[in-house]
A.B. asks: 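One structure, as structure tokens, below. Some questions next.
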Amino acid sequence: MKKKGFQQQSMVKWYDVKQLALTGLRSVISGVFGNYSDRREIQAALDLADDNQNHVDRAQDEIWVDYISDLGDGFNSTYTMADLLAQEKLMVHVDGINTVLPSAKIIIMGGDEVYPTPSLDEYNRRTKYLYEAAFPENCDETEAEKTYLYAIPGNHDWYDGLGTFLKLFTQGRKWGRLHTRQSRSYFAIKLTENVWLWGLDVQLNSEIDQPQLSYFQGLKCPEKMKEGDKVILCTAEPSWVFHTHHLTDYSYERLTYFQRKCIDEQGLSLIATLTGDLHHYSHYTGVRTNGKTKSVIHNITAGGGGAFLHPTHFLKEKLTDLHANGITEELGLQARFPNKDESHTLAFKNFLFPFLNPGFGIVLGTLFLIIVWMLQSSVPVGDRSLISQLAGSYTVKDFVRNTANFLQHSPMAVILVIILVSGFIGFADNQTGEKGKKNHFKFAGAIHGILQVLLLFFFLWGLSRFNYWLLGQDVSQIEKNLANKHTSDFGINVTLLALLIVELVGVAGFLGSFLMGCYLFCSTYFFHIHYNEAFSSFRYEGYKNFLRIHVAKNKVTIYPIGVRNVTTQWETLIVNGKCSFKGKTASYELIDKPIEINLS
């Protein structure tokens, strides 16, 4: 495929107004059409292949598997992780002993393979070309040398109804020397004689479709799965976290329903659940109870494949309110990356919001300018200008009276003010917080919106007086004229108008943007809400992670690999139309103790 002129992509700018609008629109459209046309059911209806083609049926005595999720964002972070996965071996320290981790035979992409939207161009520029470069094609490879690539879709993959995802992952395509094998958006892989890895498609927080349930239930037969076999389940959302931190989330109920129908009732054993969606690493473990049966379970979030970092300081040490569909879990937090203190420190980057998101400030300042324009348009011809009126307001009382008077005669300005405040109310996070407790953060959103309006008018007041002083005009004379109802008009001249536009769009927009950063900081640091909006604002590339999993006959060992700082200097080389990237392989570390799961 032609890659001439390839450009390394920066992290997605989530607060770019155009990006916000397009992503929101795609989200709404995909949700609406998802309710009327479930692509998973269409896949099953059109899939004429035998179900045996959906899983590897050549079990081995041992195998290495990589799990990586939430990739396809900025080039530096995504390619740093792809480069690590492609290394022939990694060396980690376990109890002071150097341990070699060979490269994986199977790579699992655990959701959100691209950001922000799943167009073919975005998949290519942000994910596919990068993995093709990290895993260059080997035409002479034998069957034993092949590396297989599987993927489950996340919410961003679903924004086009899964159309592009299915073309890239379910048609037997090659990504360099990575071979895709699945024929649906979900799959089952037989790793060893008694261990399976399942990939589940939860389609934008929807119920599991019947064809998918039938597919996994149909695996229970003598030639496929047998009673007592172990399952590693991959899903696209950490439902155990959402269940206790999201007020109206039902992902845990959907997940446990699937587990009961397809695992517990089939006589199988769930040993670990892997997910992404939250762009950090966390490991919960504890006891899972299903009726009279108790087992140890590991729930791992490993969403560090390349997307911006999510905080970890909001994670609870204990999850004790996990019960649905006859299943109860009591989990404790074993490890997180970054740690709690590091996550808290990173939250302070929200104070850089206006510098990192200048477009947001410009749009906000432009809206401020339009409001002022509407106010000025309400002034009858021949009367004093808005600026001279406010400049002559000596006291706060005078300022409030004059402002109220202008608003009274400018319904369009009032409407814009209401829209502005309503926008911040709508933006406020009322979905997260303590389960079972009412979230009052719409009220906080209202306060934020009102503060933005007050910032505009008080800034305009000070601006009016400052500009007259700057141009050598006597503000005290304006006050006297206003007090005496003098007919002299201190109207806006060209210079004042130019100053006003620059100051409102530039300075007032900057201050409003800074206020937005303060709101996000307080929300995430103190109240543990808006964690997505707060950390996406500064698009932090560091603290990436993936899982290298060793499945042997009697034991599964999961090695969580972390990268604190990604490589930022990559040279793009194009030879014979193929891309490669030259740079330093990033330093990595074991970010949790190896997770050992005995199978006996």
A.B. asks: Can you tell me how far apart CG (N339) and CD1 (I591) are? Round to the nearest 0.5 Å.
C.D. replies: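 Atom-to-atom, N339:CG and I591:CD1 are 11.5 Å apart.
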A.B. asks: Heavy atoms, side chains only, cut-off 4.5 Å: are Y281 and D592 in contact?
C.D. replies: yes
A.B. asks: Does the side chain of Y559 come within less than 4.5 Å of W64's, by heavy atoms?
C.D. replies: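 Yes, at least one pair of side-chain atoms sits under 4.5 Å.
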A.B. asks: Checking H313 side chain against T524 main chain: does a donor-acceptor pair fall under 3.5 Å?
C.D. replies: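 Yes, the answer is positive, given that a donor and an acceptor are paired below the 3.5 Å cut-off.
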A.B. asks: Can the ring centroids of F535 and H310 be said to lie less than 6.0 angstrom from one another?
C.D. replies: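 Judged by ring-centre distance (under 6.0 Å), F535 and H310 do not meet the cut-off.
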A.B. asks: Does the ring center of Y543 lie less than 6.0 Å from the ring center of H279?
C.D. replies: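 No, the ring of Y543 stays outside the 6.0 Å limit from the ring of H279, centre to centre.
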A.B. asks: Got I297 and V287 here, is their nearest side-chain heavy-atom distance under 4.5 Å?
C.D. replies: no
A.B. asks: Students often mix this up, so state it plainly: with edges at 30° and 60°, are the rings of Y531 and H246 parallel, tilted or perpendicular?
C.D. replies: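 Ring orientation, 0 to 90° scale: tilted.
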A.B. asks: Give me the ring orientation class for F581 and F6: parallel if the planes are under 30° apart, tilted from 30 to 60°, perpendicular past 60°.
C.D. replies: tilted
A.B. asks: Is the gap between the ring centers of H156 and W14 under 6.0 Å?
C.D. replies: yes
A.B. asks: Are H280 and T312 close enough that a side-chain donor and a side-chain acceptor fall under 3.5 Å?
C.D. replies: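 The answer is no; no qualifying pair exists.
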A.B. asks: Hey, could you give me the CG/OH distance between L331 and Y284, rounded to the nearest 0.5 Å?
C.D. replies: 8.0 Å
A.B. asks: Going through the checks in order, is the ring pair (Phe, Tyr, Trp, His ring centres under 6.0 Å) test met by F441 and H530?
C.D. replies: CA-CA 10 Å; F441 285 99; H530 273 308; 7.9 Å; no
A.B. asks: Please report the closest heavy-atom contact between I152 and D157, naming both atoms and the distance.
C.D. replies: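 I152 and D157 have their closest heavy atoms at O-OD2, 4.3 Å.
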A.B. asks: Just how far is it from atom CG of L322 to atom CH2 of W240, taken to the nearest 0.5 Å?
C.D. replies: 10.0 Å
A.B. asks: To the nearest 0.5 Å, what is the distance between CG on L84 and CG on N545?
C.D. replies: 11.0 Å
A.B. asks: Please tell me whether Y252 and D249 have a donor and an acceptor in their side chains that are separated by less than 3.5 angstrom.
C.D. replies: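 No pair is found: no donor N or O on one side chain lies under 3.5 Å from an acceptor on the other.
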A.B. asks: For the aromatic rings, using the six-membered ring if either is Trp, is the centroid distance between F258 and F216 under 6.0 Å?
C.D. replies: yes
A.B. asks: So which pairs with a foot in residues 265-281 pass salt bridge (Lys or Arg N to Asp or Glu O under 4.0 Å), sequence neighbours left out?
C.D. replies: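 Found R260-E265, K261-E265.
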A.B. asks: Would you say E88 has more than 12 foreign heavy atoms packed within less than 6.0 Å of its CD?
C.D. replies: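 No, not enclosed.
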A.B. asks: What distance do Y79 atom OH and Y131 atom OH have between them, rounded to the nearest 0.5 Å?
C.D. replies: 10.5 Å
A.B. asks: Considering non-hydrogen atoms only, spot the tightest contact between S77 and G306 and give its length.
C.D. replies: OG-O, 2.5 Å
A.B. asks: Between E193 and K553, does at least one N-O distance fall below 4.0 Å, as a salt bridge requires?
C.D. replies: no
A.B. asks: Minimum heavy-atom separation for G110 and Y67, please, with both atom names.
C.D. replies: CA-OH, 3.6 Å
A.B. asks: Counting distance only, does the side-chain N/O of D160 pair as donor-acceptor with the main-chain N or O of T164 below 3.5 Å?
C.D. replies: yes
A.B. asks: Does the E237 side chain pair with the main chain of T275, one donor and one acceptor, at a distance under 3.5 Å?
C.D. replies: no
A.B. asks: What orientation do Y150 and F187 show, parallel under 30°, tilted 30 to 60°, or perpendicular over 60°?
C.D. replies: tilted
A.B. asks: Under the salt bridge (Lys or Arg N to Asp or Glu O under 4.0 Å) rule, what pairs show up with a residue in residues 532-551, not counting sequence neighbours?
C.D. replies: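 Listed by first then second residue: D66-R548.
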A.B. asks: Is there side-chain contact between F314 and L278, with heavy atoms separated by less than 4.5 Å?
C.D. replies: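 F314 vs L278: side chains touch.
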A.B. asks: Rounded to the nearest 0.5 Å, what's the gap from CG on L178 to CG on L85? Could you check?
C.D. replies: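 One gets 9.0 Å once the value is rounded to the nearest 0.5 Å.
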A.B. asks: Once salt bridge (Lys or Arg N to Asp or Glu O under 4.0 Å) is applied, what residue pairs with a partner in residues 326-338 remain, sequence neighbours excluded?
C.D. replies: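 For residues 326-338: R288-E329, E317-R336.
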A.B. asks: Taking everything shown except K174 itself, do over 12 heavy atoms lie less than 6.0 Å from its NZ?
C.D. replies: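 Correct, the count exceeds 12.
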A.B. asks: Sub-3.5 Å donor-acceptor pair from the side chain of Q182 to the main-chain atoms of A151, do we have one?
C.D. replies: yes
